[in-house]
Amino acid sequence: MKSAMLLLSLAALGGLIGVSFWAAGHIGIQHSIADLLAQPAAGNNPWLWATLADAYFGFLWFWAWVAYKERRWAARLGWLLAILATGNMAMAVYMLIQLARLPAQATAADLLLRTDARR
């Protein structure tokens, strides 16, 4: 279980970083935002907003698990900001941190549940 999750998280993180660099090589994010602000009608595609809503609800669902796992509010808030700012990249990093803390023969419950919840 740990190896499969490690590979998935590394693939997600690598793919997201790669596609971000690829996109930035074609047009900078600042330029894209400036274009959207200059031509707001270009951003009126309902599927753009539906996709953004879908992504951010997914980020919040993942963060709910992070908030459950983390004991300190500072960590919860920090991860919320990281997830909202960088999305799946922060989520992959969080998963890699969790996996690094697990023993080799850990179960899914060891990954998903808080340490104190298993007692």
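Positions are given from 1, in the same order as the sequence printed here.
Atoms CG and CG, on Leu60 and Leu84 in that order, are 6.0 Å from each other to the nearest 0.5 Å. Atom CE of Met89 is separated from atom OG of Ser20 by 3.5 Å, given to the nearest 0.5 angstrom. A distance of 9.5 Å separates CE in Met91 from OG1 in Thr86, rounded to the nearest 0.5 Å. Here the CD1-CH2 distance, from Ile83 to Trp63, works out to 8.5 Å after rounding to the nearest 0.5 Å. Atom OH in Tyr68 sits 11.0 Å away from atom CZ in Arg76 (nearest 0.5 Å). Distance CZ/Arg72 to CG/Leu77: 11.5 Å, rounded to 0.5 Å.
Taken together through direct or relayed side-chain contacts under 4.5 Å among Ile, Leu, Val, Met, Phe, Trp and Tyr, Val93 and Trp61 form parts of separate hydrophobic clusters. Connection of Val66 to Trp73 is not established within any shared hydrophobic cluster, with ILVMFWY side chains joined at heavy-atom distances below 4.5 Å, either directly or through further cluster members. Under the 4.5 Å side-chain heavy-atom criterion for ILVMFWY residues, no single connected hydrophobic cluster contains both Leu8 and Leu96.
Taking the centre of each ring, Trp65 and Tyr94 come in below the 6.0 Å mark. Annotation: Phe59 is in aromatic contact with Tyr56 [ring centroid separation under 6.0 Å].
The two residues Ala82 and Ala90 make their nearest non-hydrogen contact at O-CB, 3.5 Å. Met95 and Met5 make their closest contact through CE-CE, 3.8 Å (heavy atoms, listed as atom of the first residue, atom of the second, distance). Considering all non-hydrogen atoms of both residues, Lys2 and Ala100 come closest at NZ-O, 4.4 Å. Taking every heavy atom of both residues into account, Ala92 and Ala12 meet most closely at CB-CB, 4.5 Å.
Evaluation of the side chain to side chain donor-acceptor pair (under 3.5 Å) rule for Trp22 yields His26 as partners, not counting sequence neighbours.
Distance alone, capped at 3.5 Å, is enough to place a donor-acceptor pair between the Lys69 side chain and the Leu111 backbone.
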